[in-house]
Protein chains: 2
Amino acid sequence: MNLKQLTSLIAVAENNFSISHAAEQLHMVQSAVSQQISRLEEEIGTQIFIRKGKRLSGLSPAGEEIVHYAYRAIANTNSILEIGRDQINQVEGKLRIGATHTQAQYILPPVIKAFSQEYPNIELQIHQGSPKQLVNKAIHDEVDLSICTEALGEHPDLVSISSYRWNRVLIARPDHPILNLSLITLEQLCKHPIVTYVYGFTGREVFSDAFKQALLKPKIVLSAADTDVIKTYVRNGMGIGIIASMAYKKQHDSDLVFRDLSHLFPWETTKIAYQKDKYLRIHQQRFIELFQLTVSDLKAVSKPLGYQ
Amino acid sequence: MNLKQLTSLIAVAENNFSISHAAEQLHMVQSAVSQQISRLEEEIGTQIFIRKGKRLSGLSPAGEEIVHYAYRAIANTNSILEIGRDQINQVEGKLRIGATHTQAQYILPPVIKAFSQEYPNIELQIHQGSPKQLVNKAIHDEVDLSICTEALGEHPDLVSISSYRWNRVLIARPDHPILNLSLITLEQLCKHPIVTYVYGFTGREVFSDAFKQALLKPKIVLSAADTDVIKTYVRNGMGIGIIASMAYKKQHDSDLVFRDLSHLFPWETTKIAYQKDKYLRIHQQRFIELFQLTVSDLKAVSKPLGYQ
DNA sequence: TCAGCTTACGGCTCACGTAACAATA
DNA sequence: TATTGTTACGTGAGCCGTAAGCTGA
């Protein structure tokens, strides 16, 4: 067995079981990839792929497991190369961050600024996606770090670090009647049309569960992955908005009034995660440090946590 | 980079940094291994080994980390091969168990018997060692599974499964005065010479801590790694013995009297552990099952636990 | 008939082994 | 001087690419 066989295997698995596409991605010809797969299957003594005629159509049960170990083997060899790069050159390289829109827009800017001042020659990439996509990106080494609230921390192939806690705030136009209440309750919230996040993003599951447990049904008139979209529709009078506390920015959102809702919903924890077999280069470790330092300044609306 | 370079690296690291010995182990000539290392260091761009003149004398700091990832990469590729073997042949193979003397002598026999009836063609090996050695054997894939009470469960590169709980019993010659007591206390134990386990084995640390916390100092006249040695010296009248409960066997130890001491010491948990990146073949998984089933029959003296 | 995988074959790279050399205890 | 590691070089295995063959949609 050798590493090229494993990278070929992964490429084919990632390209819908198309050897041609995998070959293209690897800058090789079809036949070479085909041979790698054949040799690998011959050595292992089992079919990794399910074939319909000559065409590949999926992974066999054993193949699924094999791909898993192949990913990890490759991750480990990549780690070795990264160690080398860390020794030679401590200031060049790249940093690929996976983040949801909320993180990228409301949390990352000061971190990124501090980081790029410290490492001006490091190429920074922000990859956006849903929490589930971010987990996959981290596992498949499409990003170095993923930052979000959901889905991380559960996957066995990721190391996750708790970063900061947050809860929700209500935003509304200044003339909205709900702002006259001295105490906002879940029942009160149900009386108004609500704009908030879609399922899968920024604590939506926990949000909806809180109503369900109280046997209430909120009127969600619109949901979006993106806090900015929510704000826009609140401004347009579609209803009240319920967003993550860190997404309300006084200087830009002064036309909207906010109210803390942390007495109504469980606290959420945002985490940073990376692949278990991954060696983090010095600047990547430093980014995590800077992130933790920066979010610890958000005390007003959230509590920072230490490493798990 | 390729896998042969990594196996060469590991072989050199495991052979006291001797390229010649590593080459011998790998059935290659010195120069070939030397070249592998050179090429690897060239690609990584760093010295992995510390050299005194031409001779290798140790690992550089980066080298230490590299070796760690190399082990894991190799473990993952081995796992892939094992998956293949599982597919082809479900009844042949081998099973290498690491265990302390106590486990091998008092717990394993019925498990081994059941296992070898089920898989008569599987070669069974029992590797004995201290808990620390067993951890290393598991990490370096010298055994498939390690079974003991100490040291497992802490190491980040091992998966550990809790198996059964046990405590200690006192053994003494029938004429020993301590047997006249209705309740044995730590103070009473301190009045007599004691024979028990050495540090590092079978709960000795926890045993000694119990006395220390009570500000007592037991008279340990002899300590051994091996319950049989302890019994021999108790029989010879050197003192009372304090051993693990599962090591007292009525049929063979009828010349000694035992007393339960579980009111005096914390309970211990024996665990099974294996390397994280290791794929366990079907028969190896089955061995764990058989082990768990067998120890759950030890209820009289211990409580079985589920998977962690 | 086309898209996609496999097989056959030639060329080239690269790794192993032999052997000479260098250096350390 | 014996042991151990490096360097030089020839040979052979193995991998890539070209090209032809095969197979199902």
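All chains are named by letter (A, B, ...) in the order of the sequence lines, taking the proteins before the strands, and each is independently numbered beginning at 1. These numbers come from the heavy atoms of this one structure, side chains and all, not from hydrogens, waters or symmetry mates.
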Subject >> Spacing of A:L40 atom CG relative to D:dC15 atom C1', expressed in whole Å >> reply: 15 Å

Original post:
With a non-hydrogen cut-off below 4.0 angstrom, is A:K4 in contact with a base, only sugar-phosphate, or nothing?
Top reply: sugar-phosphate

**OP:** Please state whether the phosphate of C:dC14, meaning OP1 or OP2, lies under 4.0 angstrom from any side-chain nitrogen or oxygen of B:N2.
**Re:** no

Subject >> Gap between atoms CD and C1', on A:E24 and C:dG4 respectively (whole Å) >> reply: 13 Å

Subject >> Out of C:dC16, C:dT6, D:dT6, whichever nucleotide has its closest atom nearest the side chain of B:R51 >> reply: D:dT6

**OP:** Give the nucleotide from the list C:dC5, D:dG17, D:dT6 with an atom nearest to the side chain of B:S31.
**Re:** D:dT6

Original post:
Can you tell me how far P of D:dG14 sits from CD of A:E42, to the nearest Å?
Top reply: 11 Å

Original post:
Rounding to a whole Å, what distance do you find between B:R39:CZ and D:dT6:P?
Top reply: 12 Å

Subject >> Interatomic distance where CD belongs to B:E43 and C1' belongs to C:dA15 [whole Å] >> reply: 14 Å

Subject >> B:R85 with B:E82: basic N within carboxylate O range, under 4.0 Å >> reply: yes

**OP:** Establish, with yes or no, whether the OP1 or OP2 oxygen of D:dT3 is under 4.0 angstrom from a side-chain nitrogen or oxygen of B:Q30.
**Re:** no

Original post:
Between B:E41 (CD) and D:dG5 (C1'), how many Å, whole number?
Top reply: 12 Å

**OP:** Tell me which nucleotide among C:dC5, C:dT6, D:dT7 gets nearest to the side chain of B:S34.
**Re:** D:dT7

Original post:
Do B:E42 and B:R39 pass the salt bridge (charged side-chain N to carboxylate O under 4.0 Å, His left out) test, and can you show the C-alpha distance, the side-chain angles, and the key distance before you say yes or no?
Top reply: CA-CA 5 Å; B:E42 190 187 8; B:R39 274 191 289 273; over 6 Å; no

Original post:
What is the ring orientation for B:F115 with B:F287, classed by angle as parallel under 30°, tilted 30 to 60°, or perpendicular over 60°?
Top reply: perpendicular

Original post:
Out of D:dT7, D:dC16, C:dT6, which nucleotide sits closest to the side chain of A:M28?
Top reply: D:dC16

Original post:
Closer to the 5' end of DNA chain D via nearest nucleotide, is it B:Q35 or B:S18?
Top reply: B:S18

Original post:
D:dG14 C1' sits how many Å from A:L3 CG, rounded?
Top reply: 16 Å

Subject >> Heavy-atom pair of closest approach, residues A:A114 and A:L290 >> reply: C-CD1, 4.2 Å

Original post:
When you check the phosphate oxygens OP1 and OP2 of D:dG5, does a side-chain N or O of B:S20 lie under 4.0 Å from one of them?
Top reply: yes

Original post:
Rounded to whole angstrom units, what separation is found between the CG atom of B:N15 and the C1' atom of D:dT4?
Top reply: 14 Å

Original post:
Hey, does A:F49 reach any base, or is it just sugar-phosphate, or nothing, if we go heavy atoms under 4.0 Å?
Top reply: nothing

Original post:
Where do A:K276 and A:D157 land on the salt bridge (charged side-chain N to carboxylate O under 4.0 Å, His left out) test, with the steps shown first?
Top reply: CA-CA 6 Å; A:K276 261 192 186 149; A:D157 293 349; 5.9 Å; no

Subject >> Options D:dG17, D:dG5, C:dA15, nucleotide nearest the side-chain atoms of A:V29 >> reply: D:dG17

